[in-house]
Every structure is written in structure tokens, then in C-alpha cells.
Amino acid sequence: MTTRRKLVVGNWKMHGSHAANAELLQGILAGGPVNADLAVCPPFPYLSEVAVTLANSAVAWGAQDVSAFEQGAYTGEVSAAMLREFGCRYAIVGHSERRAYHGETDQLVADKAKAALSRGVTPIVCVGETLAQREAGETEAVVKRQLSAVIHTLAHCIGEVVVAYEPVWAIGTGRTASPEQAQAVHALLRAQLAAATPHADAMRLLYGGSVKPDNAATLFAQPDIDGGLIGGAALKAADFLAIARAA
Ligand code: 13P
């Protein structure tokens with residue numbers, strides 16, 4: 001089995017300010033090296049200053065979304081080429097908040113992943129079921145359907161993405177999936193990927209949803225959990241670092 005280096009990504013969502021970001025990043029950088037890859041995903045307007053602060057550090061940065069289109073009359077959108085110019089290594093696509101509040105479909109998410117990859121930006125593709133879907137026994141069908149669109153659209157490039165399993169009921173609720181629940185879904189996703197690419201064993205599958213310093217280690221100890229996509233706890237340097245050290 002391949003050993004996969006853990007990846008811990010902070011999704012800042014719509015939080016931050018010049019002052020708060022500077023303090024957070026200084027805190028993270030002061031923490032010194034950790035034995036995992038780290039990245040932060042600030043809101044678009046702050047990418048430039050985050051890039052300056054993190055240049056020559058071990059911490060990468062990315063965006064929280066990307067347009068499916070190359071360029072053109074798409075008011076409010078940001079292209080993958082633009083993200084690349086600002087040094088983004090990653091772009092989160094298909095976060096459940098975008099699926100829920102912005103009507104993003106499985107196919108649009110797949111097209112965004114393709115647009116990112118075409119410019120050398122690694123998509124972090126989010127999948128996950130709602131509480132109603134879990135209670136109806138639909139978890140497997142939902143996450144497979146979401147991932148399937150990306151597999152079909154990216155074809156042989158699917159091995160280049162990062163996948164994040166984020167059960168919607170665990171996001172921002174303080175209610176984490178148990179390590180066993182998360183591992184079960186990760187194993188399903190890896191099996192689905194293995195049917196599509198010879199590189200599935202090397203792909204990183206992140207867990208997201210109320211990851212905190214006190215639950216990160218047991219989640220990250222699961223065989224198919226290769227790190228985390230962290231929301232609230234990524235806004236505090238000490239918590240983000242503690243989670244990174246658990247990886
Ligand atoms: P929380 O860690 O705040 O639950 O958010 C998870 C998430 O949505 C990361 O993308």
C-alpha cells in the first residue's frame with residue numbers, strides 16, 4: 001500500500017479581514033514545520049496578500065471556488081487561470097454550501113474540477129450527504145453519484161484530484177462523523193476511484209465536518225482518511241496547528 005502524506009486544508013469560508021488574516025497566518029507560520037502538507041483557502045480578495053505572506057513557506061494556498069468557464073462575460077466569476085496567476089495550488093469545488101445555496105449541480109462541480117486541473121490547480125472535490133439522506137440510507141448512493149460525475153468528466157485525469165468527504169450534517173454543527181462512519185465512506189470512495197484509475201491508492205481523501213484538535217487524531221488514524229478540510233477550527237492558529245500535528 002502507498003503511504004500517502006497527510007494534507008490539512010483550512011477553508012476560511014466568508015471570514016477574515018486584513019488584520020485577522022495577518023494574525024492567523026503569523027500564528028500558523030510561527031508554529032514551525034509539521035509532518036503534513038498544509039494549505040489555507042481564504043476568500044478571493046485576500047488571495048494576493050496571503051500569497052505574499054506565505055511565499056517561501058511550507059504552507060500552500062488555494063481558492064474556495066473556481067469558474068467552470070475559461071474567460072468571458074461571467075460577472076462575479078473567477079477563472080482557474082487567474083487563480084494560477086496568484087499561485088493557488090488548490091481550488092475547493094462542490095462544497096455543500098455552494099451546492100445548497102448556489103444551486104451547483106454534480107455536472108457543474110465536475111466542470112469546475114476540470115477547469116481547475118486544466119490550469120494546474122488541484123481541485124478539492126467535496127461530496128457528502130445531508131442528514132435526511134443519511135437517515136434514509138442513501139449515503140452511499142449520494143456520494144457515489146456526486147463523485148461519479150467528476151470521474152466521468154475528468155476521465156484519465158481523475159487521479160490528480162483531492163476528494164473531501166464532508167457529511168453536511170457534520171459541518172459547523174459540532175457533530176462529527178465517528179471515525180468508523182467516516183472511514184466507511186472513504187473506503188467506498190476509494191473503491192469507486194480504484195475502478196476508474198490505477199492511481200486511487202495514491203489519492204488523498206480528506207474528511208471535513210467539525211474536525212477539532214480533540215478528534216483529529218482518531219479520524220486521521222483511519223486507513224483511508226488522508227487529512228482534513230477544516231472550517232471553524234482553521235480560523236484559530238493554535239487549533240489549526242494542533243490538527244495539523246495530529247496528521
Ligand atoms: P467545520 O469544520 O466548521 O465543520 O466546516 C467544515 C467545512 O465545511 C470545511 O470545508
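Along the sequence shown, the residues carry numbers beginning at 1. All ligand and atom numbering here is 1-based and tracks the order in the structure. Worth saying up front: this structure is predicted, and the values here are computed from it rather than measured.
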Testing the 3.5 Å rule here: is there a donor-acceptor pair between the side chains of His95 and Gln64? no
Could you tell me, atom by atom, which parts of ligand 1 come under 4.0 Å of a heavy atom of Asn11? 9 (C), 10 (O)
With a 4.0 Å cut-off on N to O distance, would you call Arg89 and Asp37 a salt bridge? no
Between ligand 1 and Gly209, can you find any atom pair, the residue atom being a heavy atom, that is separated by under 4.0 Å? yes
So does Arg119 pair up with Glu70, basic N to acidic O under 4.0 Å? yes
Give the numbers and elements of all ligand 1 atoms closer than 4.0 Å to a heavy atom of His95. 7 (C), 8 (O), 9 (C), 10 (O)
Ser210-ligand 1 polar pair, N/O distance under 3.5 Å: yes
Roughly how far, to the nearest 0.5 Å, is OG1 of Thr197 from CD1 of Ile151? 9.0 Å
the protein heavy atom lying closest to atom 3 (O) of ligand 1 turns out to be Gly232 N, 2.8 Å
Name the closest protein heavy atom to atom 9 (C) of ligand 1, giving the residue it belongs to and the distance to 0.1 Å. Glu166 OE2, 2.9 Å
When you measure from the heavy atoms of Lys13 to every atom of ligand 1, does any distance fall below 4.0 Å? yes
Checking side-chain hydrogen bond (donor to acceptor under 3.5 Å, both in side chains) for the pair Gln183/Asp224: CA distance, chi angles, key distance, verdict? CA-CA 6 Å; Gln183 165 58 26; Asp224 287 294; 2.8 Å; yes
Show me which atoms of ligand 1 lie under 4.0 Å from any heavy atom of Gly172. 1 (P), 3 (O), 4 (O)
Report yes or no: does a heavy atom of Ala164 sit under 4.0 Å from some atom of ligand 1? no
Quick one: which ligand 1 atoms are inside 4.0 Å of a heavy atom on Ala170? 4 (O)
Going by the angle between their ring planes, with limits at 30° and 60°, are Tyr74 and Phe69 parallel, tilted or perpendicular? parallel
Write out the residue and atom name of the closest protein heavy atom to atom 2 (O) of ligand 1, then the distance separating them to 0.1 Å. Gly231 N, 2.9 Å
So for atom CZ, which belongs to Arg84, do other residues, nucleotides or ligands contribute more than 12 heavy atoms lying within a distance under 6.0 Å? yes
Under-4.0 Å salt bridge between Asp106 and Arg99: yes
